[in-house]
Amino acid sequence: MKNISDHLGEIAGKRVLLRADLDVPVAVGRIAETFRVDRQKDAVALLRANAEKTLLISHTGALESFGPILGEIKSILGEDIVFIETPDAIPDFLVGESKVGLLDNLRRWSGEEANDPEFSTVLAKGFDAYVNNAFAVCHRDHASVSGIPKILPAYAGPVVADEVKNLSEILDAPSEGKVVIVGGAKSSTKVPVIKNLISGASFALTGGVVANDILKMRGVDIGSSRVDDNLEQILAGLDIHDNKLKIPGDWVQQENKILDIGQETSNGYAELVSQAKLIVWNGPMGLFEGGFIEGTRAVAQAVADSSAKTFIGGGDTISAIHKIGIPLEKFTFVSTGGGAMLAFLAGETLPGLLALGFTKG
Ligand code: ADP
Ligand code: MG
């Protein structure tokens with residue numbers, strides 16, 4: 001994998017497509033959390049200074065178009081950015097005065113998610129190189145992720161390089177003192193991480209729906225708590241009686257539903273966290289949006305206070321940490337990837353990284 005920072009000479013005076021990550025949450029017409037856009041600053045500055053032209057391409061899941069948040073994006077990434085509403089307008093941008101552009105939401109065109117080679121060709125036309133700075137989509141086989149690198153020389157941007165370095169550190173660290181914390185919902189994306197990491201870790205601590213699934217599988221009466229439909233399939237291959245696998249022993253319950261881990265479980269988890277050397281955490285311990293935040297608060301505080309290297313990720317995990325009021329600087333590394341982080345930690349091959357020539361192991 002070629003890191004663009006080490007190959008700046010190769011893009012001097014060239015026209016570069018930058019697969020950026022501007023997929024931010026939006027509330028009442030404004031960016032609710034700018035951290036993903038903030039993380040694009042380095043790559044944009046690097047290309048603005050070295051390339052002749054830079055076209056940012058990204059999707060947004062929150063809006064149809066970048067239009068309503070363009071002003072905010074420009075105030076973070078540069079007022080010189082011109083908005084390009086459709087791929088048809090790219091040739092004009094390439095011959096025009098403007099140095100930096102942003103194409104509208106890639107997912108407005110079906111070729112993006114279908115990974116249509118024709119769409120990749122349209123995007124790549126007139127460009128000399130491609131930089132992927134969107135780690136959060138690297139688990140997607142989309143045109144802007146794995147299609148364009150088949151056409152143009154491809155480089156990893158600083159975000160992708162940094163994510164790979166940090167997440168690799170989690171995989172490669174010695175098992176002694178490694179603590180994996182997994183909560184939240186969507187167990188099908190979370191349990192593979194436990195399966196991949198538990199043998200090389202001291203403990204895996206669980207909360208949220210992931211823990212509900214395991215409790216149910218162990219025959220505990222969890223009432224009408226939220227569980228995954230196909231939990232047997234999801235948990236297949238995980239030893240649910242493994243001593244390293246910690247599940248809640250008490251919980252906060254309402255209307256016959258487990259909605260958070262209990263006080264004793266929180267204390268026990270905090271104790272294990274305090275002894276850790278490396279911690280990776282993805283997924284809230286409870287339904288924090290509904291006010292069941294104490295378990296997540298206890299874990300967040302313990303992780304933030306720990307002297308270990310701490311790695312966190314997940315959209316809801318980060319918003320819970322915001323809600324609790326812990327600054328993100330308290331953690332060693334905050335991943336921009338939700339699904340991509342989980343896929344990487346589960347040991348999967350990510351199409352976007354493979355396209356950059358990254359193969360693990
Ligand atoms: P992340 O975005 O950090 O990866 P997820 O999307 O997997 O996290 O999960 C977060 C969601 O899980 C939140 O909406 C949260 O309310 C929900 N959740 C956590 N614990 C429970 C629970 N016990 N019952 C129902 N929902 C829960
Ligand atoms: Mg989420």
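Whatever order the structure lists them in is the order used to number ligands and atoms, beginning at 1. Numbers here are sequence positions counted from 1.
Residue-ligand proximity, Lys186 to ligand 1, at heavy-atom distances under 4.0 Å covers atoms 6 (O), 7 (O). Taking every heavy atom of Gly184 and a limit of under 4.0 angstrom, the matching atoms of ligand 1 come to 7 (O), 9 (O), 10 (C), 12 (O). Ligand-side atoms of ligand 1 in range of Gly208: 19 (C), 20 (N), range being under 4.0 angstrom from any heavy atom. Within ligand 1, the atoms closer than 4.0 Å to a non-hydrogen atom of Asn212 are 23 (N), numbered from 1 in the order shown. Atoms of ligand 1 lying under 4.0 Å from at least one heavy atom of Leu259, given by number and element, are 23 (N).
Contact annotation: for Lys190 versus ligand 1, heavy atoms closer than 4.0 Å belong to the side chain alone. With a 4.0 Å heavy-atom cut-off, ligand 1 is reached by no atom of Leu342. Residue Thr189 does not touch ligand 1, judged by heavy-atom distances below 4.0 Å.
In terms of protein heavy atoms, atom 18 (N) of ligand 1 is closest to Gly286 O, 3.9 Å. Among all protein heavy atoms, the one lying closest to atom 3 (O) of ligand 1 is Thr317 OG1, 2.5 Å. Shortest contact from atom 13 (C) of ligand 1 to any protein heavy atom: Glu289 OE2, 3.3 Å. Considering only non-hydrogen protein atoms, atom 25 (C) of ligand 1 sits nearest to Leu287 CD1, 3.6 Å. Ala185 N, 4.1 Å is the protein heavy atom nearest to atom 11 (C) of ligand 1. For atom 27 (C) of ligand 1, the nearest protein heavy atom (residue, atom name, distance) is Val209 CG2, 3.8 Å.
Under the 3.5 Å distance criterion, with hydrogens and angles disregarded, no donor-acceptor pair is assigned to the side chains of Ser168 and Asp172. Looking at Asn105 and Glu64, their side chains never bring a donor and an acceptor atom within 3.5 Å of each other. Side-chain contact check for His322 and Glu33: at least one donor-acceptor pair (N or O, by modelled atom type) lies under 3.5 Å. Side-chain contact check for Ser146 and Asp141: at least one donor-acceptor pair (N or O, by modelled atom type) lies under 3.5 Å. Checking Asp213 against Ser187 by side-chain atom types alone, a donor-acceptor pair falls below 3.5 Å.
On a distance-only criterion, Ile258 and ligand 1 share at least one N/O pair closer than 3.5 Å. Among the atoms of Asp316, some N or O lies under 3.5 angstrom from an N or O of ligand 1.
Salt-bridge check for Lys2 with Glu10: passed, with a basic side-chain N closer than 4.0 Å to an acidic carboxylate O. Ionic pairing of Glu169 and Lys309 is present here: one or more N-O contacts between side-chain nitrogen and carboxylate oxygen are shorter than 4.0 angstrom.
More than 12 heavy atoms of other residues, nucleotides or ligands lie within 6.0 Å of CG in Asn256, so this atom counts as buried by the packing criterion.
Asp316 contributes atom OD2 as its closest N/O/S atom to the Mg ion (ligand 2).
Tyr269 places no side-chain N or O within 3.5 Å of a backbone atom of Glu264 that could act as its donor or acceptor partner.
In terms of hydrophobic clustering, with Ile, Leu, Val, Met, Phe, Trp and Tyr side chains grouped at heavy-atom distances under 4.5 Å, Ile240 and Ile258 are assigned to a common cluster.
A side-chain contact (heavy atoms from CB on, under 4.5 Å) with His59 is found for one member of Val137, Leu22, Asp104 and no other, namely Val137.
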